[in-house]
Trainee: 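Just passing along the structure, written as structure tokens.
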Amino acid sequence: MKASHSSSVRAEAPKLLVQLTDLHLMAEPESEMCHVNTDASLRAVIDLVRANGHRPDLVLATGDLSQDGSPCAYERLQHVLTETNWPVRCLPGNHDDPLVMREVLGPWTDPVVDIGAWRVVMLDSTIPGSNAGYLSDEQLDLLETAAGDQDRHVLVALHHNPIQVASGFTDTMMLENASTLFQRLAALPRTRVLLWGHVHQALDRRRHHLRLLATPSTCFQFTVRDGKHAIDPSPPGYRWLKLYQDGSFATGVRRIGVPAWQAVQTKSQAA
């Protein structure tokens, strides 16, 4: 009887998804962006995941894995995440080279994965040569096929933000056909979460049956001041989501502590 009860508890336990986004790794591991060594900050965030006792059932990396689309950047990412023993899926962002990324990361780029009672659908919103995003008919069809006639709850992930994240700011780099995406999602009531990166900041909003979530970068952060992008001094971090069998979920953002962030910046400056 006890064994049966234990099995039931394990089966009903939520699945843990950890989102990492906007890593901006480069060919040379010593390279910096905005005075941040992006390799060092990524490692600090991964250390934070471990320190918080999180053992993800899935790590979801939502684009701009590399700043320069170099094979070396993806190979280092593969090495770092393979060492964790966590299952991984990745999608491209506007700074990635999707072909190189898929060649290096292989099965990690498969766009659909099931964890427990949930299905995660990853969409490629990149446009070659552009920082803006767009979902092709092929990607929208993938969404409908994967999230349509099946009995799992659905989390949809992409790189580009489908909504404005700040008032009084014209975002020319967001998803250009966001209205089409929301029309499709309106017909997919089992979709619970729409998750993205790109904006280098946390956001949590609701739209009908959907929770709309954005997540801090693993390196430097953005904010909007006086209608323009500006660097936010907040530390990097990650988002966690506990996905329950009944379609409910809990989520939050964790950031590395100020001392750890200062240590990463000090190492970057010393290098």
Side-chain angles (χ1 to χ4, degrees), residues 18-50 59-111 122-133 157-161 173 196-201 215-222 229 231-238 256 260-271:
V18 164
Q19 181 196 11
L20 305 176
T21 195
D22 297 271
L23 288 54
H24 292 282
L25 304 182
M26 288 172 271
E28 297 297 329
E30 299 83 11
S31 299
E32 297 181 7
M33 280 193 72
C34 300
H35 307 292
V36 177
N37 179 285
T38 55
D39 274 63
S41 61
L42 172 61
R43 289 193 296 271
V45 171
I46 290 174
D47 287 345
L48 177 64
V49 176
R50 291 193 182 102
V59 170
L60 185 57
T62 53
D64 282 359
L65 313 183
S66 171
Q67 170 66 18
D68 54 15
S70 61
C72 292
Y74 299 120
E75 288 165 1
R76 285 203 318 283
L77 174 63
Q78 185 178 51
H79 176 74
V80 168
L81 290 180
T82 296
E83 284 187 330
T84 66
N85 260 342
W86 301 330
V88 179
R89 286 295 186 276
C90 304
L91 59 86
N94 49 293
H95 288 288
D96 288 304
D97 185 320
L99 293 178
V100 174
M101 187 182 113
R102 291 177 187 122
E103 182 177 341
V104 175
L105 300 181
W108 285 7
T109 63
D110 292 347
M122 290 153 280
L123 302 177
D124 181 351
S125 58
T126 60
I127 304 171
S130 173
N131 286 323
L158 71 165
H159 180 67
H160 291 84
N161 51 306
M173 296 190 293
W196 64 86
H198 193 47
V199 294
H200 290 232
Q201 59 185 280
T215 298
S217 164
T218 64
C219 50
F220 53 90
Q221 312 308 311
F222 286 141
H229 267 127
I231 294 295
D232 184 335
S234 300
Y238 68 95
I256 67 174
W261 181 222
Q262 289 175 339
V264 168
Q265 292 174 308
T266 300
K267 289 178 183 177
S268 176
Q269 290 165 2

Trainee: For Ser66 and Ala73, which heavy atoms make the closest approach, and how far apart are they?
Mentor: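 Closest approach of Ser66 to Ala73, heavy atoms only: OG-CB, 3.5 Å.
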Trainee: Measure across Cys90 and Leu65 and return the closest heavy-atom pair with its distance rounded to 0.1 Å.
Mentor: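 Shortest heavy-atom contact: CB-CD1, 3.7 Å.
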Trainee: With a 4.5 Å heavy-atom cut-off, do Pro236 and Ile256 have their side chains touching?
Mentor: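 Side-chain contact under 4.5 Å: yes.
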Trainee: Please lay out, stage by stage, how Thr126 and His159 fare under the test side chain to side chain contact (heavy atoms under 4.5 Å, CB included).
Mentor: CA-CA 8 Å; Thr126 60; His159 180 67; 5.6 Å; no
Trainee: Can you list everything that forms a side chain to side chain donor-acceptor pair (under 3.5 Å) with Asp110? Sequence neighbours excluded, please.
Mentor: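 Per chain and number, Asp110 pairs via side chain to side chain donor-acceptor pair (under 3.5 Å) with no residue.
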Trainee: Walk me through it: do Arg76 and Asp39 pass the test side chain to side chain contact (heavy atoms under 4.5 Å, CB included)?
Mentor: CA-CA 9 Å; Arg76 285 203 318 283; Asp39 274 63; 2.8 Å; yes
Trainee: Is there side-chain contact between Cys219 and Met33, with at least one heavy-atom pair below 4.5 Å?
Mentor: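 They are not in contact (no side-chain heavy atoms under 4.5 Å apart), so the answer is no.
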Trainee: Distance from Asn161 atom CG to Trp196 atom CH2, nearest 0.5 Å?
Mentor: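 Going from the CG atom of Asn161 to the CH2 atom of Trp196 covers 7.0 Å.
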Trainee: Go through the structure and list residues passing ring pair (Phe, Tyr, Trp, His ring centres under 6.0 Å) with His200, not counting sequence neighbours.
Mentor: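 His24, Phe220, Phe222.
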Trainee: Keeping to residues at least two apart or across chains, list the side chain to side chain donor-acceptor pair (under 3.5 Å) pairs with something in residues 41-50.
Mentor: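 For residues 41-50: Asp47-Arg50.
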Trainee: Using residues 101-108 as the side-chain source, report each donor-acceptor pair under 3.5 Å to any protein atom, sequence neighbours left out, with the distance given to one decimal.
Mentor:
residue, atom, partner, partner atom, Å
Arg102, NH2, Asp124, OD2, 2.8

Trainee: Using a 4.5 Å cut-off on heavy atoms from C-beta on, say whether the side chain of His95 contacts that of Asp22.
Mentor: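 A side-chain contact under 4.5 Å is absent here.
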Trainee: According to side chain to side chain contact (heavy atoms under 4.5 Å, CB included), who are the partners of Pro87, at least two apart in sequence or on a separate chain?
Mentor: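 By the side chain to side chain contact (heavy atoms under 4.5 Å, CB included) rule, Pro87 matches Leu58.
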Trainee: Identify, with sequence neighbours excluded, every residue that meets salt bridge (charged side-chain N to carboxylate O under 4.0 Å, His left out) alongside Asp232.
Mentor: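 None.
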Trainee: Can you list everything that forms a salt bridge (charged side-chain N to carboxylate O under 4.0 Å, His left out) with Arg89? Sequence neighbours excluded, please.
Mentor: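 Arg89 satisfies salt bridge (charged side-chain N to carboxylate O under 4.0 Å, His left out) with no residue once adjacent residues are dropped.
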Trainee: Could you work out, with side chain to side chain donor-acceptor pair (under 3.5 Å) as the rule, every residue matching Ser125, not counting sequence neighbours?
Mentor: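 Per chain and number, Ser125 pairs via side chain to side chain donor-acceptor pair (under 3.5 Å) with His160.
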Trainee: Run the side chain to side chain contact (heavy atoms under 4.5 Å, CB included) check on Asn94 and His198 step by step: do they pass?
Mentor: CA-CA 8 Å; Asn94 49 293; His198 193 47; 3.2 Å; yes
Trainee: Using side-chain heavy atoms (C-beta onward) and a distance below 4.5 Å, is Val18 in contact with Trp86?
Mentor: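 They are not in side-chain contact.
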Trainee: For Tyr74, which residues count as a ring pair (Phe, Tyr, Trp, His ring centres under 6.0 Å) partner, sequence neighbours excluded?
Mentor: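 Tyr74 satisfies ring pair (Phe, Tyr, Trp, His ring centres under 6.0 Å) with no other residue.
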Trainee: Between Thr218 and Leu23, what is the shortest heavy-atom contact and its length?
Mentor: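 Nearest pair, atom of Thr218 first, then Leu23: OG1-CA, 3.3 Å.
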Trainee: Considering all heavy atoms of both residues, which atom of Asp68 and which atom of Leu25 are nearest to each other, and what is their separation?
Mentor: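 Distance-wise, the nearest heavy atoms are OD1-O, 3.9 Å.
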Trainee: What residues, two or more places apart in sequence or in another chain, satisfy side chain to side chain contact (heavy atoms under 4.5 Å, CB included) together with Glu28?
Mentor: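 Checked Glu28 against side chain to side chain contact (heavy atoms under 4.5 Å, CB included); matches are Glu30, Ser31.
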Trainee: Which atom pair, heavy atoms only, marks the closest approach of Asp64 to Asp96?
Mentor: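 Result for this residue pair: N-OD2, 2.7 Å.
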Trainee: Taking atom types as modelled, find out whether Ser234 and Gln221 have a side-chain donor-acceptor pair closer than 3.5 angstrom.
Mentor: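 Ser234 vs Gln221: no donor-acceptor pair found between side chains.
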Trainee: State which residues pass side chain to side chain donor-acceptor pair (under 3.5 Å) with Thr21; sequence neighbours excluded, sorted by chain then number.
Mentor: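 Residues passing side chain to side chain donor-acceptor pair (under 3.5 Å) with Thr21: Thr62.
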Trainee: Nearest 0.5 Å, please: how far is CG in Leu158 from CG in Leu91?
Mentor: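 Result: 7.5 Å between the selected atoms.
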Trainee: For His79 and Glu83, does a side-chain donor sit closer than 3.5 Å to a side-chain acceptor?
Mentor: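 The criterion, which ignores hydrogens and geometry beyond distance, is satisfied for Glu83 and His79.
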Trainee: Would you name the heavy atoms of Gly133 and Ile127 that are closest together and state the gap between them?
Mentor: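 The answer is C-CD1, 3.7 Å.
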Trainee: Is there side-chain contact between Ile46 and Leu81, with at least one heavy-atom pair below 4.5 Å?
Mentor: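 When only atoms from C-beta onward are counted, Leu81 and Ile46 do touch, with a gap below 4.5 Å.
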Trainee: Can you list everything that forms a side chain to side chain donor-acceptor pair (under 3.5 Å) with Thr109? Sequence neighbours excluded, please.
Mentor: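 With sequence neighbours excluded, Thr109 shows a side chain to side chain donor-acceptor pair (under 3.5 Å) to no residue whatsoever.
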